[in-house]
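Reading through the structure tokens given below for one structure.
Quick caveat, the model's predicted, so the values are computed rather than measured. In what follows, every heavy atom counts, from backbone to side chain, and hydrogens, waters and symmetry copies are set aside. Naming convention: chains lettered A, B, ... in sequence-line order (proteins, then strands); numbering from 1 in each chain.
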There are 2 protein chains.
Amino acid sequence: MSVRVVVADDQELVRSGFSMILDAQPDIEVVAEAGDGAEAVAAVERHAPDVLLLDIRMPVMDGLEAARRVCAGSACKVVMLTTFDLDEYVYEALYAGASGFLLKDVRRDDLVHAVRVVAAGDSLLAPAVTRRLVADIVRRRHEEAAADVTPRRLEVLTAREVETLRLLARGLSNSEIATTLFVSEHTVKTHVSNVLSKLGLRDRVQAVICAYETGLVAPGSP
Amino acid sequence: MSVRVVVADDQELVRSGFSMILDAQPDIEVVAEAGDGAEAVAAVERHAPDVLLLDIRMPVMDGLEAARRVCAGSACKVVMLTTFDLDEYVYEALYAGASGFLLKDVRRDDLVHAVRVVAAGDSLLAPAVTRRLVADIVRRRHEEAAADVTPRRLEVLTAREVETLRLLARGLSNSEIATTLFVSEHTVKTHVSNVLSKLGLRDRVQAVICAYETGLVAPGSP
DNA sequence: GGCGTTCTCCCCCGCACGGGCGAGGCCGCG
DNA sequence: CGCGGCCTCGCCCGTGCGGGGGAGAACGCC
């Protein structure tokens with residue numbers, strides 16, 4: 001059973017070139033071509049192909065919008081094609097639901113391979129795109145790691161003071177903190193005062209902000 | 001100029017199989033083999049190859065640790081190989097600095113292709129891995145988008161009240177907010193009171209928490 | 001012209017908060 | 001053993017904060 005493909009590109013030469021390469025494969029069949037995004041969406045609706053090869057820059061409706069509609073309305077996999085591998089294009093394409101992202105200077109073997117991979121339900125990116133994507137992931141991790149390190153500002157605090165600050169940052173009053181920690185309210189006030197003076201803060205409001213900024217508490221955690 | 005490769009795998013048959021495939025290429029040269037992580041690190045130091053093919057599960061020192069050391073101490077690119085494409089392996093490998101991540105059932109053409117891609121400075125992942133990585137990225141985006149919607153809780157507030165809340169959440173006192181907004185302190189107190197009653201909060205501390213939780217202010221923004 | 005909303009300003013009052021100053025028990029360290 | 005840090009608790013006091021009530025001006029809407 002062969003893979004049915006629709007090719008969409010506003011440049012007729014590019015379009016027919018890709019079609020010829022794919023049609024030359026015994027297990028791939030190009031069932032339609034499209035010259036803009038609207039035609040591409042219509043062709044997918046009519047032919048229900050397995051894979052849509054989609055240029056990003058196209059008249060009438062651009063490739064990203066077409067990708068969104070196709071991915072939302074059918075089981076057809078989308079492979080984006082572009083001359084420029086701008087990061088914004090990549091992310092927009094992935095958010096739109098694309099399964100592949102290739103540059104137009106792709107080798108014919110890689111193109112054929114990509115169609116087979118996405119038809120099988122997997123994903124595939126151009127190596128240069130993969131490299132930047134991986135770099136982004138690692139960068140995020142480093143930022144998160146840096147955020148984990150920031151609480152070193154809090155290491156001047158004792159364990160009890162940190163505990164007090166944590167409850168403080170959840171909106172508890174001194175008396176509520178006292179009840180929670182099974183101590184007197186005065187003890188809580190002492191801890192709070194120590195926290196404020198040690199961190200150079202003015203009041204409990206600034207303490208709450210500090211707790212969020214250092215990551216002691218995080219949005220969404222409660 | 002050929003690509004110099006080191007192959008590291010504790011299973012002798014797998015190792016020599018990969019080596020034979022790669023050595024058969026005119027532009028690839030296997031300069032050493034290693035049976036564990038420590039040997040792999042030593043081989044890289046001795047031969048300074050362009051690419052290290054590295055199994056994850058190995059005795060003495062596992063592939064992830066070896067990848068960390070190699071990536072930290074040399075310009076050698078690392079391609080991880082594993083039988084199981086567990087997500088944790090993938091992320092750990094990327095954090096370690098790997099440029100490639102393949103499954104051991106890889107086709108010989110793809111293996112050769114991967115070596116050439118990473119030697120050129122790009123990255124390459126197995127299609128199944130790419131698919132999950134992309135899914136993760138899209139999921140993150142959706143979570144962030146959901147976070148953007150949350151501030152609907154704040155739409156009961158007037159523009160002035162939101163502005164007051166924003167300053168409040170940055171640690172300003174009523175008098176400081178008054179100075180910033182060019183109004184009297186009484187006016188600020190009125191706004192603050194309105195914010196508290198409209199949102200069902202008790203004091204300015206809970207207002208700060210609300211500002212962070214709804215995303216009105218975010219950690220790292222000041 | 002009425003009406004509601006918003007922004008502004010004023011009064012008084014109660015209280016939680018924060019600072020100062022002191023003190024006792026517990027534990028680890030030199 | 002003495003010393004210092006931490007946790008605990010106490011009292012006094014000034015003030016920033018929050019609630020209540022009231023009110024005028026500007027704006028848009030019907």
### Carboxylate-amine/guanidinium proximity below 4.0 Å for Arg15(B) and Asp55(B)
no
### Message
Can you tell me which residue among Met80(A), Glu65(A), Arg68(A) is in a side chain to side chain contact (heavy atoms under 4.5 Å, CB included) with Glu92(A)?
### Response
Arg68(A)
### Query
How far apart are the closest heavy atoms of Asp62(A) and Ile56(A), and which atoms are they?
CB-O, 3.6 Å
### Message
Mind checking if Thr187(A) touches a base, just sugar-phosphate, or nothing, with heavy atoms under 4.0 Å?
### Response
base
### Task
Classify the side-chain pair Glu45(A)/Ser74(A) by whether it contains a donor and acceptor separated by less than 3.5 Å.
no
For the pair made of [atom1] in [X] and [atom2] in [N], what is the distance, rounded to whole Å?
X         : N       : atom1 : atom2 : answer
Arg160(A) : dG5(D)  : CZ    : C1'   : 16 Å
Leu181(A) : dT8(D)  : CG    : C1'   : 12 Å
Lys198(A) : dG5(D)  : NZ    : P     : 10 Å
Asn194(B) : dT5(C)  : CG    : P     : 13 Å
Phe182(B) : dT8(C)  : CZ    : P     : 12 Å
Leu199(A) : dG18(C) : CG    : P     : 13 Å

### Query
Okay, side chain of Glu161(B), backbone of Thr158(B): is any donor-acceptor separation there less than 3.5 Å?
yes
### Query
Between the side chain of Glu39(A) and the main-chain N/O of Gly35(A), is any donor-acceptor distance below 3.5 Å?
yes
### Summary
Letter by letter from the 5' end, nucleotides 16-30 of chain D scores (B base, S sugar-phosphate only, - none; protein heavy atoms under 4.0 Å) -SBB-----------
### hbond_proxy His186(A) side chain to dC11(D) base (donor-acceptor, 3.5 Å cutoff)
yes
### Message
Using OP1 and OP2 only, check whether a side-chain N or O of His191(B) sits under 4.0 Å from dT6(C).
### Response
no
